[in-house]
Amino acid sequence: MLGFGPIAFAVPWVLAALAVLPVLWWLLRVTPPAPRVVRFPAIRLLRDLTAREETPARTPLWLLILRLIVAALLILALAGPLLNPRAALPGSGPLLLLVDNGWASGRDWTSRRAAMEELVSQAERQNRPVVLLPTARPAGGEAVKASPPLPASEARRLIQALEPHPWPTDRAGALEAVRGLAARGSAHTVWLSDGIGDRSARGLAETLQRMGSLEILDDSAEKPPHLLLPPSSEGAGLSARVVRADSSRPESVTVRLSGADGRLLTRQPVAFDAGQLTREVRFEVPAELRNDAASLRVENDTTAGATVLLDERWRRRPVGLASGRANGENQPLLSDLHYLERALAPYNEVRRGEPDELLKRDLAVLVLSDIGALTGQEAQTIEDWVRKGGVLLRFAGPRLAQNPDRLVPVRLRLGDRALGGALSWSEPAKLQPFDGRSPFAGLHIPDDVAVSRQVLAEPALDLADRTWARLQDGTPWSPRKSAETATSCSSTPPPARNGPTCRCPACSSTCCAVW
């Protein structure tokens, strides 16, 4: 490569053709030989006629200069001029392109690709091979590996196909791949870093320096990457943490909460002070808007780490609780709904009230805790809501046993079966292992779980198909019908599911209920 100030030529030997320009000047100036005069009297009459077109005896000077300029420009173009070319790559071995293509590189991938293509063109002008080593694992989970030494055209094809991945880089795997390289000559390495350090970064840099020369390109100071951690639910609010890579200066970012259709639900600014790496942001939105939320993202940051997709774990579905007796303000531990509310409140929006009032708003589940006799209007309203797709969860008890209604999947026998009653056991009954068709199949039944009180169903031909569990004497224990009914072990506070098995929070060991 031959350079003259800011201009260089990739093929400088072509400039030797400029020496031919004087010869070309002489050829263009040569005057053609004068024509011979032949006297022919028969055409003497044409002597005094004026010719319409005249041919000059010499080439005009302006045309001559223009032709020479065109010839010189053609020679300069063939020499491959370059404006402000970089200096020649150090070393004599291949060019190693180490590229961080993890989640943090997505914010400026276009400029990274342009930088790689420029480096490959520079290696091509020096006839040096190119080795490409991405530091993020492939989508299949294979180990990080380097490409063999490639010509420039093949390296460009791989660079065009290379894309950032939505997971971190594996620099420890890249270090092992570098140690396995067998480069001829002194290699020159260009590391396109994403600006995020880890334990393997120093060892990787030292190994690359021992192979030859090392150049690190890092633009994270201009566009520092941000990481948005999965949020946590705190009551009705949603809290998330924003982490940045560069804490050297103050910075302000904005986090937005969006719906599934991309519409903006709310946005919160987050201000970082100098030296501060982590900030927490909290969103206080109505339950209806929160349940529509589909993503949290840092504005103007296109990386996968700056986006969190929200699913059912972060939604608070509204659950209506209705009981057949007073809520027990004076004795809350005796309330039918106390343990249900404690179990549901951390993950759902719990609403208490009468069934008619609760169904005036959207509900995910309506829970009736041994509510007893329903009025005709209440029963019709609940039935219409269930037919439209609502989920009704019922807990059996003495009120339901004495006032059965049609909002259960089977007909119930009036009265219940209890210890010391007409249809009593001599001792609390145990449960049989759950049938394979039951939704509780596979659950372990602890030895201390027993049933001392039961609401019985009237015998029917399809009762076996609707049974979820049975007592050891074969009595159906829980009708099987799309989570619309359940049995309760006692008339004391309703049970709540706790761990892999079902336990009643009232007695904790001697009774059980499922739904």
Handout entry: Derivation of the side-chain contact (heavy atoms from CB on, under 4.5 Å) call for L393 and L366
Key = CA-CA 6 Å; L393 175 63; L366 175 62; over 6 Å; no

Practice task
Please check if atom CG in D362 has more than 12 non-hydrogen atoms from other residues, nucleotides or ligands closer than 6.0 Å.
Solution key: no

Handout entry: Smallest separation among heavy atoms of P94 and V131, with atom names
Key = CB-CG2, 4.3 Å

Exercise for the section: Flag the pair T266 / R256 as yes when at least one side-chain heavy-atom distance between them is below 4.5 Å, and no otherwise. Expected result: no

Exercise for the section: Assess the side chains of H188 and Q122: does a donor N or O sit below 3.5 Å from an acceptor N or O? Expected result: no

Exercise for the section: Inspect the contact between R267 and E299 and indicate whether a charged nitrogen and a carboxylate oxygen are less than 4.0 angstrom apart. Expected result: yes

Handout entry: Polar contact flag, side-chain donor to acceptor under 3.5 angstrom, S200-R171
Key = no

Practice task
Taking T467 for its side chain and A469 for its backbone only, find out whether a donor-acceptor pair lies under 3.5 Å.
Solution key: no

Practice task
Might you point out which heavy atoms bring H165 and P138 nearest each other, and give the distance in Å?
Solution key: NE2-CA, 4.3 Å

Problem - Separation of R202 CZ from E206 CD (nearest 0.5 Å) - result: 6.5 Å

Practice task
Hey, could you give me the CG/CG distance between D384 and L359, rounded to the nearest 0.5 Å?
Solution key: 10.0 Å

Problem - Chi angles and distances behind the salt bridge (charged side-chain N to carboxylate O under 4.0 Å, His left out) call for R249, E251 - result: CA-CA 6 Å; R249 63 181 186 274; E251 184 186 12; 5.8 Å; no

Exercise for the section: Please determine if R241 and E280 form a salt bridge, counting it only when a charged side-chain N lies under 4.0 Å from a carboxylate O. Expected result: no

Problem - Parallel, tilted or perpendicular: rings of H226 and F272 (30°, 60°) - result: tilted

Exercise for the section: With the side chain counted from C-beta on, respond yes when W191 and L217 share a heavy-atom pair under 4.5 Å apart, and no when they do not. Expected result: no

Problem - Contact check, side chains of R361 and P318, non-hydrogen atoms, under 4.5 Å - result: no

Problem - Distance-minimising heavy-atom pair for S186 and R128 - result: O-NH2, 3.9 Å

Practice task
Scan side-chain atoms only and decide if R282 and S239 contain a donor-acceptor pair under the 3.5 Å cut-off.
Solution key: yes

Problem - Nearest-0.5 Å distance, CE of residue M116 to CG of residue L158 - result: 10.5 Å

Practice task
Taking W167 for its side chain and R137 for its backbone only, find out whether a donor-acceptor pair lies under 3.5 Å.
Solution key: yes

Problem - Close side-chain approach of I382 and L368, heavy atoms under 4.5 Å - result: yes

Completion exercise
Separation between CG (L192) and CH2 (W109), nearest 0.5 Å, reads 8.0 Å

Problem - Candidate list V242, V281, L228, test side-chain contact (heavy atoms from CB on, under 4.5 Å), partner L296, passing option - result: L228

Practice task
Ignoring hydrogens and angles, state whether a donor on the side chain of T135 or D100 is under 3.5 Å from an acceptor on the partner side chain.
Solution key: yes

Problem - Student check: side-chain heavy atoms of V253 and D301 closer than 4.5 Å - result: no

Practice task
Working to the nearest 0.5 Å, report the span between CG of L238 and OG of S232.
Solution key: 7.0 Å

Exercise for the section: Under the side-chain contact (heavy atoms from CB on, under 4.5 Å) rule, what do T303 and L227 come out as? Steps first, then yes or no, please. Expected result: CA-CA 9 Å; T303 65; L227 179 63; over 6 Å; no

Completion exercise
Closest heavy-atom pair, G259 versus A294, reported as atoms and distance to 0.1 Å, is C-CB, 3.7 Å

Exercise for the section: Determine, step by step, whether W385 and L363 satisfy the side-chain contact (heavy atoms from CB on, under 4.5 Å) criterion, reporting the C-alpha distance in whole Å, the side-chain angles of both residues, the deciding distance to 0.1 Å, and the verdict. Expected result: CA-CA 10 Å; W385 178 75; L363 287 179; 4.0 Å; yes

Fill in the blank from the handout: CE of M211 to OG1 of T189, rounded to nearest 0.5 Å, is 5.0 Å

Exercise for the section: Check for a donor-acceptor pair, side chain of N101 on one end and backbone N or O of A136 on the other, with a separation under 3.5 Å. Expected result: yes

Practice task
Sort out for me which residue in L208, V190, T207 forms a side-chain contact (heavy atoms from CB on, under 4.5 Å) with L214.
Solution key: L208

Practice task
Take atom CG of D447 as the centre, draw a 6.0 Å sphere, and report whether it contains more than 12 heavy atoms from other residues, nucleotides or ligands.
Solution key: no

Handout entry: Donor-acceptor pair, side chain of T307 and main chain of A304, under 3.5 angstrom
Key = no

Handout entry: Minimal non-hydrogen separation, L471 against A429, with atom names
Key = CD1-CB, 4.1 Å

Problem - Minimum side-chain heavy-atom gap V144-L133 below 4.5 Å - result: yes

Exercise for the section: For V255 and F283, run side-chain contact (heavy atoms from CB on, under 4.5 Å): C-alpha distance rounded to whole Å, both residues' side-chain angles, the deciding distance at 0.1 Å, then the answer. Expected result: CA-CA 10 Å; V255 181; F283 295 91; 3.8 Å; yes

Practice task
Determine whether R351 and L321 make a side-chain contact, defined as any pair of heavy atoms from C-beta on separated by less than 4.5 Å.
Solution key: no

Practice task
Decide if atom NZ of K430 counts as having more than 12 heavy atoms of other residues, nucleotides or ligands within a radius under 6.0 Å.
Solution key: yes

Problem - Beyond-backbone contact of L95 with P129, side-chain heavy atoms, under 4.5 angstrom - result: no

Exercise for the section: Check the side chains of R156 and S121 for a donor-acceptor pair under 3.5 angstrom, ignoring hydrogens and angles. Expected result: yes

Practice task
Check whether more than 12 heavy atoms from other residues, nucleotides or ligands sit under 6.0 Å from atom CZ of R387, and answer yes or no.
Solution key: no

Practice task
Give a yes or no on whether the backbone of Q276 and the side-chain of R244 come within a donor-acceptor separation of less than 3.5 Å.
Solution key: yes

Practice task
Compute whether any side-chain donor of one residue and acceptor of the other, for T110 and R113, lie under 3.5 angstrom apart.
Solution key: no

Practice task
Indicate yes or no for a side-chain donor-acceptor contact from N348 to the backbone of V350 under 3.5 Å, with no hydrogens or angles considered.
Solution key: no

Problem - Neighbour count above 12 (heavy atom, 6.0 Å) for R112 CZ - result: yes

Problem - Nearest atoms (heavy-atom pairs only) where P231 meets L310 - result: CG-CD2, 3.8 Å

Exercise for the section: Walk me through it: do R279 and D273 pass the test salt bridge (charged side-chain N to carboxylate O under 4.0 Å, His left out)? Expected result: CA-CA 10 Å; R279 280 298 307 272; D273 297 329; 5.6 Å; no

